[in-house]
Amino acid sequence: MEKLRHVAIIVDGNGRWAKKRGKIRSEGHLAGSKMLERIILHASRKTDIEVLSLYVFSTENFKRSKDEVDYLMNLFMKWFSVSSKKYKKDDIKIIFSGRKEPLSDEVYSSMKKLEERTKDHKGLIVNFCLNYGGRAEIVDASKKIANELKEGLIEEKDITEEYFSTKLYNKLPDVDYVIRTSGEQRISNFLLWEISYAEFLFTPEYFPDFDEKCFDRAIEEYYNRDRRFGNVKK
Ligand code: IPE
Ligand code: IPE
Ligand code: MG
């Protein structure tokens, strides 16, 4: 059976979920955040999964209306400040991937506090990709390496794929499985380096409808995949 250490979800379809019900987009985001909490808890009970990455806000999402961006930032902030108790009970460790700029200090400090409060937890690692862009992550890693080279700390021959990986936002195992809800079949700048050999599932449910049963079905599908990593199965 294939190993499943790192699952990554592109949380998509909140807006269309709301539209379908005659609601405004923010109601979709609120419903999506509630489902996300259920999915985090559910995933934390699956012993094989070590990391759950969640794409909740891309660097490109700042193109949306100020109202929508403000709503999402407030939702994140509220959520991060109340959820640490729950995460303690379930031993969930929260980390973040993404750039600081142009997040407000308020939002950024709520992220840092949650990271700090859960840093010794030993259960599921939840990697919130917030103000995250896959290309930005690769550029940021390249800049760190360029500086090390300039300072004479490393030589060109030291720059291997393994070394490059250590300069990404977090040291995590490669992504095994990417799930995108809402029927869209694209990556939208998510974890470009980390998904090089990942399996993919594009599933039609809008995220607020993507419940524990949908998650379990998705995981079952993964275990039927045959991963070869360029090799030939004996
Ligand atoms: C995903 O839902 C949440 C974020 C990107 C923040 P969307 O807001 O993209 O919902 P749709 O795709 O417009 O339905
Ligand atoms: C990708 O969803 C980003 C997140 C899920 C946070 P989008 O809804 O922003 O992606 P596009 O615009 O449909 O590609
Ligand atoms: Mg979308």
Side-chain angles (χ1 to χ4, degrees), residues 1-14 16-17 32 35-58 60 90-98 122-130 132-135 137-138 141 160-162 164-166 168-234:
M1 206 155 80
E2 305 293 349
K3 278 214 167 89
L4 182 55
R5 299 178 65 195
H6 189 168
V7 176
I9 305 180
I10 303 178
V11 170
D12 200 12
N14 292 350
R16 280 163 285 163
W17 179 92
M35 191 54 83
L36 200 54
E37 237 176 78
R38 282 169 54 179
I39 292 296
I40 291 171
L41 208 62
H42 188 63
S44 77
R45 294 181 179 143
K46 311 241 168 229
T47 46
D48 34 357
I49 304 175
E50 295 165 35
V51 184
L52 178 67
S53 286
L54 300 168
Y55 202 12
V56 294
F57 197 91
S58 69
E60 291 75 30
D90 295 290
D91 217 17
I92 293 167
K93 177 172 170 165
I94 306 287
I95 58 174
F96 289 91
S97 292
K122 300 280 182 277
L124 179 72
I125 297 170
V126 176
N127 173 33
F128 275 101
C129 300
L130 199 168
Y132 176 85
R135 286 187 170 183
E137 181 173 30
I138 293 169
T160 59
E161 291 183 13
E162 288 70 28
F164 195 93
S165 297
T166 66
L168 298 170
Y169 293 137
N170 286 292
K171 292 184 185 69
L172 298 172
D174 276 344
V175 173
D176 297 302
Y177 197 26
V178 177
I179 301 168
R180 183 170 191 151
T181 57
S182 91
E184 304 299 354
Q185 300 186 27
R186 53 178 172 264
I187 293 303
S188 303
N189 203 14
F190 189 39
L191 300 175
L192 298 180
W193 175 277
E194 297 87 338
I195 61 172
S196 65
Y197 261 102
E199 297 292 318
F200 290 86
L201 180 74
F202 298 101
T203 183
E205 304 84 12
Y206 295 140
F207 191 78
D209 292 328
F210 187 78
D211 61 9
E212 294 83 352
K213 272 205 188 105
C214 297
F215 186 84
D216 287 347
R217 255 201 313 271
I219 300 304
E220 208 183 296
E221 154 87 32
Y222 172 85
Y223 284 121
N224 287 321
R225 302 280 177 96
D226 185 13
R227 301 178 75 188
R228 289 186 286 277
F229 300 96
N231 205 339
V232 176
K233 278 258 159 93
K234 284 166 199 95

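Since we're looking at a predicted model, the values are computed, not measured. Numbering of residues begins at 1 and proceeds along the displayed sequence.
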For atom OH of Tyr197, decide whether the heavy atoms of other residues, nucleotides or ligands shown that lie under 6.0 angstrom number more than 12.
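Incorrect, the count does not exceed 12.
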Answer yes or no: is there an ion pair linking [X] with [Y], defined by an N-O contact shorter than 4.0 Å?
{"X": "Glu212", "Y": "Arg45", "answer": "no"}
{"X": "Arg5", "Y": "Glu194", "answer": "no"}
{"X": "Glu221", "Y": "Arg217", "answer": "no"}

Phe96: what forms a ring pair (Phe, Tyr, Trp, His ring centres under 6.0 Å) with it, not counting sequence neighbours?
Phe80, Phe128
Student check: side-chain heavy atoms of [X] and [Y] closer than 4.5 Å:
{"X": "Ser182", "Y": "Phe207", "value": "no"}
{"X": "Tyr55", "Y": "Asn189", "value": "yes"}
{"X": "Pro173", "Y": "Val51", "value": "yes"}
{"X": "Glu2", "Y": "Asp176", "value": "no"}
{"X": "Lys3", "Y": "Asp48", "value": "no"}
{"X": "Asn170", "Y": "Ile125", "value": "no"}
{"X": "Leu124", "Y": "Lys46", "value": "no"}
{"X": "Leu192", "Y": "Arg135", "value": "yes"}

Do you know which two heavy atoms are closest between Met35 and Phe210, and how far apart they sit?
CG-O, 3.2 Å
Going by the angle between their ring planes, with limits at 30° and 60°, are Tyr177 and Tyr222 parallel, tilted or perpendicular?
tilted
Donor-acceptor check, side chain of [X] to backbone of [Y], threshold 3.5 angstrom: yes or no?
{"X": "Tyr132", "Y": "Leu191", "answer": "yes"}
{"X": "Asp90", "Y": "Ile92", "answer": "no"}
{"X": "Thr181", "Y": "Val11", "answer": "no"}

Identify, with sequence neighbours excluded, every residue that meets salt bridge (charged side-chain N to carboxylate O under 4.0 Å, His left out) alongside Glu205.
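Listed in chain order: nothing, the list is empty.
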Any chance the side chains of Arg180 and Ser188 put a donor and an acceptor closer than 3.5 Å?
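Yes - a donor-acceptor pair under 3.5 Å links their side chains.
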